[in-house]
Enquirer: 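One structure coming up, written as structure tokens, with questions to follow.
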Amino acid sequence: MVLFEKAPAKINLSLDVLSKRDDGYHNVEMIMTTIDLADRITLRSINRDRIEVSLESRFVPSDERNLAYKAANAFKQKYGIKTGVHIHIEKSIPVSAGLGGGSTDAAAVLRGMNRLWKLDIPTSELATIGATIGSDVPFCVYGNTAIAKGRGEIIEPLSSPPSCWVVLAKPDIGVSTRTIFQRIQVEGLSHPNTSAIMDALRQKHFHKMCAHIGNVLEDITLAVYPEVQRIKCRMEQAGASGVLMSGSGPTVYSLVEHQSKAQRIYNGMRGFCEEVYLVRLLG
Ligand code: ATP
């Protein structure tokens with residue numbers, strides 16, 4: 001039996017850090033939504049009780065360090081499954097980009113294995129397994145648009161954003177989420193207005209959404225990587241309004257209401273940055 005599962009990337013409409021926890025992690029509030037830029041996961045049952053991962057990427061290991069492998073392993077252990085699985089990952093989402101590439105692959109494996117073996121496990125339970133793999137995995141299990149709280153494991157679905165285009169530009173660097181989180185000083189942060197974004201989503205108010213998107217990690221990443229700042233300025237000069245870094249970066253995105261304008265911004269950015277994408281919001 002073979003099945004396919006789409007693993008879409010996410011962007012952060014907001015990323016706020018509320019406090020540092022005793023376990024070393026941070027309490028966060030993040031509004032995330034999925035975009036039409038996706039990896040494609042193929043799952044195939046195999047007779048031997050093992051997990052195999054194949055993919056073509058210079059940056060992602062295909063062994064037990066792969067988050068898709070970790071998800072399969074956690075799933076098999078939890079439900080005592082003795083059948084093996086081959087996971088093929090066709091990567092389209094840039095790696096270490098702030099777009100949740102590894103997390104969405106892990107989430108897709110959890111959803112896919114549930115279908116592969118017809119187990120009917122509720123999404124909330126898959127998300128609980130996902131939380132043991134990474135903070136963004138629970139959101140990716142649900143997809144669409146949601147706010148994630150706690151370490152990222154408390155998920156509340158939200159209204160989907162007004163339909164719009166997204167231009168993404170990724171400078172040629174990878175950012176370690178861990179390193180950026182280590183630099184946070186919670187006391188000095190200026191927090192995004194999360195509830196105003198939630199209102200904008202409810203009202204499907206494009207301009208209000210753009211006015212309130214915010215990410216407390218942006219200043220930290222911009223200070224370490226000036227090229228991210230340059231990309232941000234360039235996007236704004238190109239006429240983009242809702243411009244923000246996603247996750248811990250370095251990808252910068254811009255929300256654009258009309259396709260013709262999105263195309264202009266995309267064309268302008270392509271002369272400036274090698275990896276540029278023009279996609280729609282899915283969430
Ligand atoms: P986030 O926004 O959730 O912080 P990210 O987009 O910044 O994630 P990823 O693309 O998930 O970052 O990659 C982070 C690290 O995870 C890289 O070092 C990569 O090698 C590793 N990794 C493990 N499995 C995967 C996978 N299936 N896809 C991408 N990266 C993976």
Side-chain angles (χ1 to χ4, degrees), residues 5-15 17 25-26 28 30-35 37-43 51-74 85-113 127 130-143 146 148 151-153 155 168-184 215-218 220-221 224-225 228 244-253 275 277:
E5 192 73 40
K6 189 171 168 177
K10 58 84 184 167
I11 53 171
N12 288 84
L13 298 177
S14 75
L15 195 164
V17 176
Y25 289 90
H26 290 87
V28 294
M30 306 184 283
I31 299 179
M32 293 181 273
T33 191
T34 44
I35 59 172
L37 169 66
D39 292 345
R40 185 179 149 95
I41 309 286
T42 309
L43 296 181
I51 298 163
E52 301 167 353
V53 177
S54 60
L55 82 164
E56 279 173 31
S57 167
R58 278 189 294 140
F59 308 108
V60 184
S62 62
D63 55 21
E64 64 288 343
R65 289 170 296 169
N66 196 297
L67 298 184
Y69 182 106
K70 289 186 181 174
N73 195 33
V85 65
H86 181 94
I87 303 164
H88 181 69
I89 306 173
E90 265 172 67
K91 271 217 95 61
S92 298
I93 305 171
V95 178
S96 298
L99 300 174
S103 305
T104 193
D105 291 352
V109 165
L110 296 173
R111 286 194 306 267
M113 290 176 95
T132 63
I133 296 154
S135 298
D136 285 343
V137 182
F139 166 75
C140 293
V141 167
Y142 285 92
R151 267 177 63 180
E153 80 284 11
I155 305 293
L168 301 140
K170 181 194 167 281
D172 193 18
I173 47 170
V175 170
S176 149
T177 304
R178 205 181 150 160
T179 311
I180 299 301
F181 266 90
Q182 277 166 351
R183 291 175 174 251
I184 292 175
N215 179 349
V216 295
L217 303 183
E218 197 178 64
I220 303 171
T221 303
V224 185
Y225 300 103
V228 184
L244 192 72
M245 187 186 82
S246 185
S248 54
T251 304
V252 174
Y253 72 80
E275 272 190 89
Y277 304 85

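Counting starts at 1 for both ligands and their atoms, following the listed order.
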Enquirer: Identify the closest protein heavy atom to atom 18 (O) of ligand 1: which residue and atom is it, and at what distance?
Expert: S96 OG, 4.0 Å
Enquirer: Compute the minimum heavy-atom distance from S135 to ligand 1 and say whether it is under 4.0 Å.
Expert: no
Enquirer: For atom 7 (O) of ligand 1, which protein heavy atom lies nearest, and how many Å away is it?
Expert: G98 N, 2.9 Å
Enquirer: Look at atom 31 (C) of ligand 1 and say whether a protein heavy atom is found at less than 4.0 angstrom from it.
Expert: yes
Enquirer: Would atom 4 (O) of ligand 1 count as contacted, meaning some protein heavy atom under 4.0 Å?
Expert: yes
Enquirer: Once you restrict to heavy atoms under 4.0 Å, what part of L99 touches ligand 1? Side chain, backbone, both or neither.
Expert: backbone
Enquirer: Among K91, K10, R178, K170, which one has a heavy atom closest to atom 29 (C) of ligand 1?
Expert: K91
Enquirer: Please state which part of N66 comes within less than 4.0 Å of ligand 1, counting heavy atoms only: side chain, backbone, both or neither.
Expert: both
Enquirer: Are any of the heavy atoms in K70 under 4.0 Å away from ligand 1?
Expert: no
Enquirer: Going by heavy-atom distance to atom 23 (C) of ligand 1, choose the closest among I133, L67, V137.
Expert: L67
Enquirer: For atom 6 (O) of ligand 1, which of the options S248, G100, P250 provides the nearest non-hydrogen atom?
Expert: G100
Enquirer: Please confirm whether G101 comes under 4.0 Å of ligand 1, counting heavy atoms of the residue only.
Expert: yes
Enquirer: Starting from atom 22 (N) of ligand 1, which protein heavy atom do you reach first, and at what distance in Å?
Expert: V60 CG1, 4.1 Å
